[in-house]
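Please read the structure below before turning to the comments.
Residue numbers start from 1 in every chain, and the chains themselves are labelled A, B, ... in the order their sequence lines are given, proteins ahead of strands.
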Amino acid sequence: MTSILDGRLELLTPEGVSLALTPAGPARRAMAWAVDTFLWLISISMLMGILGGSQAGRGIMLLVLFVSYWGYPILFEVYGKGMTLGKRWMGLQVVRADGLPVGWRESVLRNLLLVADFLPFLYGVGLFCMLLDGRFRRLGDLVAGTMVIYRDPPAKPARIEDGQPQPLPFPLTPDEQRALLDFVGRAPRLSDERRLELADLAEPLTKGIGHASLAKLLNFAAGLTR
Amino acid sequence: MKQSLFEQQHAALWAKIEMLLADKPQGDRKELPRLYRALCQTLSLARQRGYSPSLTEHLHTLALAAHRQLYGAAIERPAVLRHWLTSRFPRLVREEWRLFLIASLIFWGAGLAVGLLVWFYPEWAYSWVSPQELAKYKRMYSQAAARLGREGSGSDLMMFGFYIWNNVSIGFRTFAGGILGGVPALLSLAFNGLHGGVIASWLSRDPVTREAFWSFVITHGAFEITGLILSAVAGMRLGLSLISPGRYSRHHSLLRTAQRMLPMVVGAALLTALAAFFEAFWSAMPGLAPAIKYAVGGGAWLLVLAYFTLAGRHEA
């Protein structure tokens, strides 16, 4: 059902079903990092404006700086289901290698190791490591036994509205069903000729060609997603 | 079986699981294991019978969430930090006594060698520390300074924040740098030893600053130096596990070592934080006789020594 090309990771549970996880690549993770850093800088500079006046204020400021710099990702990952604010926004999530939520140990280790990943500048080591690893793990992930995955499974095809739900005349394999849904999903973006040409291919299923076939495909798709 | 019939038959089960997994769970959570097994069975059936992708996707999402809920539940480990501090941490330090010895030799060796050099040939001090900085240190520790060891009039709280931010972060970086073969941890150790050696020797040559300096550093030094050395030990161990993983793959060796050294990293950070507390609120306190400071400082060193040799010995 899954081919090796789509980068999904199969997780076999004790109950004998396989669950799929999709590791997230460097680009999306860099965006999440940028969001986090931006938020952190904003809140720190706002706080500096408030506390910067007195000596004691600057002391508290430095304490907050320490706790937020090292603690922000850890606290959010442990209590926020593996998501810092940036990761939440980008639809990413940190999980253990076995797909379970991260705990204190994993989160502390992977975030301490950020320092090593940051070297020599702007996550050079981390990027290099991610490109070599099949699951896009940076050094911290390797040491802590974690990985970053996409939180939501690939978006479900939108409900097909413009067809009368109709059952299939004979069962299709999941791959064939997927192909059918993909076609119907992409159909609005194809030219008329191309659409009809492709619909012709489904003649064994629809017992028709051209517009008749296309209409039937829409009905089947509506039946599948109903 | 038709898909619609299948859906009808199991809709109640899926709805029940959805309710249990919601942010505000409703229903009896003890039922989850049984329901989850039933869900896995329906997922397998749906896949095998080739039901529509939207249904299998939905069941898959549900199964993944239930799997996490069920197997991700943390075992309750009350007071794990206390267990680490009373037993795991000192035992770990004793287990790693060889690396601790090497790290201590590097730190104290670098400090002592450079210190002696500066003691006999003071002009060498300028090779490592700029004249402005040396003058600054001299001002900080001369008797006239209102607060020892500070420039200007930094309040206690501000210095506490600064020491925490600066020193504990150095400890964390020293550990993390260890993964690059342990070399950055060694460099950090040698550099800090060298810097301390130059300053200590420079200030000791002048009778005006000698007593002020030593009575200032002796107390928090016990915690700070030990914390730094232990951070380096943890970092070196991490680097070594990468260089010579033994009978494990490099990845597994790293995983194991990191888990094992974590109590030491946390312990070292706590020691450094303790040092910051003493440095900010005790060491700089004016109007205390140096004899008192030496006594407390000696006590601190004895305490550290006793902790790492005796704590956690009688526990299995």
Report, in residue-number order, which members of residues 253-263 of chain B are under 4.5 Å from chain A by heavy-atom distance. B:Leu254, B:Leu255, B:Ala258, B:Gln259, B:Leu262
Is it true that atom OH of B:Tyr71 has more than 12 heavy atoms of other residues, nucleotides or ligands lying nearer than 6.0 Å? yes
Give the member of A:Val143, A:Val67, A:Leu180 that has the highest number of heavy-atom pairs under 4.5 Å with chain B. A:Val143
Treating A:Ser45 as the side-chain partner and A:Ile42 as the backbone partner, does any N or O pair qualify as donor plus acceptor under 3.5 Å? yes
ring-ring contact (aromatic ring centres under 6.0 Å, His included) with A:Trp40: of A:Tyr69, A:Tyr72, A:Trp33, only one passes, and it is A:Tyr69
Measure A:Val108 against the heavy atoms of chain B and call it side chain, backbone, both or neither at under 4.5 Å. side chain
Within 6.0 angstrom of A:Phe170 CZ, more than 12 heavy atoms from elsewhere: yes
Please check this pair: side chain of B:His251 against backbone of A:Leu142, looking for a donor-acceptor N/O pair closer than 3.5 Å. yes
So which of A:Pro14, A:Gly57, A:Gly103 has the largest heavy-atom pair count under 4.5 angstrom toward chain B? A:Pro14
Contact part of B:Leu43 toward chain A, heavy-atom cut-off under 4.5 Å: side chain, backbone, both or neither? side chain
Among A:Leu114, A:Leu63, A:Asp117, who wins on heavy-atom pairs under 4.5 Å with chain B? A:Leu63
B:His10 versus B:Thr42, side-chain donor and acceptor atoms under 3.5 Å: no
Which bit of A:Leu172 comes within less than 4.5 Å of chain B, counting heavy atoms only: side chain, backbone, both or neither? backbone
A:Arg137 vs A:Met130 side-chain heavy atoms within contact, under 4.5 Å: no
A:Asp98 portion near chain B, given a 4.5 angstrom heavy-atom threshold: backbone
4.5 Å side-chain heavy-atom contact, A:Lys87 and A:Arg151: no
Are A:Tyr79 and A:Trp104 near enough that their ring centres are under 6.0 Å apart? yes
Can A:Arg29 and A:Asp141 be counted as an ion pair, charged N to O under 4.0 angstrom? yes
Proximity breakdown for B:Phe175 and chain A, heavy-atom pairs closer than 4.5 Å: side chain
Where on A:Leu11 is there a heavy atom nearer than 4.5 Å to chain B: the side chain, the backbone, both, or neither? side chain
Partner set under salt bridge (Lys or Arg N to Asp or Glu O under 4.0 Å) for A:Glu15, not counting sequence neighbours: none
For A:Val95, is it the side chain, the backbone, both or neither that has a heavy atom under 4.5 Å from a heavy atom of chain B? side chain
Checking B:Val265 against chain A: side chain, backbone, both or neither under 4.5 Å from a heavy atom? side chain
